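Written below as structure tokens is the structure these notes are about.
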Amino acid sequence: MKLSAVLTAFAMLLASPLGARDLHAFDNGLNDVGKLEDKAALLARLGYDGIAWRPGQTAEMLAALDKHGLEMVATYVVLQADMNACPVPPAVVAEIDALKGRDTIVWLTVNGKSDDAVVVPAVREVAAVAARNGLKVALYPHVDFHIDTLATALRVMRMADSPNIGVCFNLCHFLKQNDEADLAKTLREAAPHLLLVSLNGADGGDTRSMGWDKLIRPLGEGSFDTAKLLRLLDAIGYKGPVTLQCYNIKVPAAEHLAKSMEAWRRLAGGD
């Protein structure tokens, strides 16, 4: 191959974010689709690879997903803590046990005002339940929770010191609490432990002052440079799953999920 052709191919590679090819929708993007079978069928028809679920009707949702060749990429578990305790409810244990043999990630966060000394033992307990089922745990940063930022998630992960615990990057919660200029540094710090990425369309600029209607939009909407985010993920070698946050998008599921998938295929080089 001529040198000019090699250079051209390399330039195209740099210009086009490769990203992960799979995309999974949050269950909150399907609130207007009542039946579990219909949720799975819609995702399959639009080209999604699965769903990020939360405890409740998990066995039934798995059956619907299996029928359409889809996966449950994550289950969203929220523990409620105070300054004295952070209990792990039996329902959480049952949810994780029900996922034995799957590749589902336990997407774990902790709500409430508490202390690491209270929270970390509960995180270890969840990690132990996940480990006996062959599952990993990704700590999920959420605004105003105890695990609020990626930095907090990394701190709690290190204190818990369990080999099956990692973290996730959640774009909308990052933008609400950080400057866009910190994006590359944040991803580099998380890279060795990054198990899951959540993204969506969003506006850029003074994101700390914006509401969720500006920070959570269908892909392809908003001024935030999603292609840059995908290039940064490629640069840190991220090969894991990507999920689509859909909280409070006030458009029918069939419409906004189709729009996001169309944008994803452009951004990530899908078919």
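Every heavy atom of this structure was used, including side-chain atoms; hydrogens, water molecules and symmetry mates were not. Predicted model, so just to flag it, every value in this text is computed and none were measured.
- N164 has its side chain out of reach of L135: every pair of non-hydrogen atoms, C-beta onward, lies at least 4.5 Å apart.
- Side-chain atoms of K113 never come within 3.5 Å of backbone atoms of D82 as a donor-acceptor pair (strictly under, hydrogens ignored).
- T58 places no side-chain N or O within donor-acceptor distance of the main-chain N or O of P55, the cut-off being under 3.5 Å.
- One finds the CG atom of L244 at 6.5 Å from the CD1 atom of I249 (value rounded to the nearest 0.5 Å).
- Looking at H173, its side chain never comes within 3.5 Å of a backbone N or O of T149 through a donor-acceptor pair.
- T207 and E180 share no donor-acceptor pair across their side chains, judged by distance under 3.5 Å alone.
- H146 pairs with exactly one of T109, N111, D116, D115 by the side chain to side chain donor-acceptor pair (under 3.5 Å) rule, that one being D116.
- With contacts defined as side-chain heavy-atom distances shorter than 4.5 Å, the pair L65/E37 does not qualify.
- We find the SG-CG distance between C172 and N200 to be 5.5 Å, quoted to the nearest 0.5 Å.
- Between the side chain of D148 and the main chain of V143, no donor-acceptor pair closer than 3.5 Å is present.
- Pairs of residues two or more places apart, or lying in two chains, that qualify as side-chain hydrogen bond (donor to acceptor under 3.5 Å, both in side chains) and include a residue from residues 247-256 are N248-K250.
- With salt bridges taken as basic N to acidic carboxylate O contacts below 4.0 Å, none links K136 and D103.
- Counting heavy atoms from C-beta outward, V137 and L139 have side chains that approach closer than 4.5 Å.
- Residues W264 and L230 meet the side-chain proximity criterion, which asks for heavy atoms closer than 4.5 Å.
- Using modelled atom types, one finds no donor on one side chain facing an acceptor on the other under 3.5 Å when comparing Q245 with S198.
- Within the 4.5 Å cutoff, the side chain of Y48 has no heavy atoms near those of the H24 side chain.
- No donor-acceptor pair under 3.5 Å is formed between the side chain of S114 and the backbone N or O of A81.
- With sequence neighbours left out, W107 forms a ring-ring contact (aromatic ring centres under 6.0 Å, His included) with F26, Y140.
- Tracing side-chain contacts under 4.5 Å through hydrophobic residues (I, L, V, M, F, W, Y), one reaches L46 starting from L199; they form part of the same cluster.
- Between the T104 side chain and the V73 main chain, no donor and acceptor come within less than 3.5 Å of each other.
- Judged by distance alone, the side chain of D179 and the main-chain N or O of A181 form no donor-acceptor pair under 3.5 Å.
- Checking side-chain atoms of R217 against main-chain N and O of A202 turns up no donor-acceptor pair under 3.5 Å.
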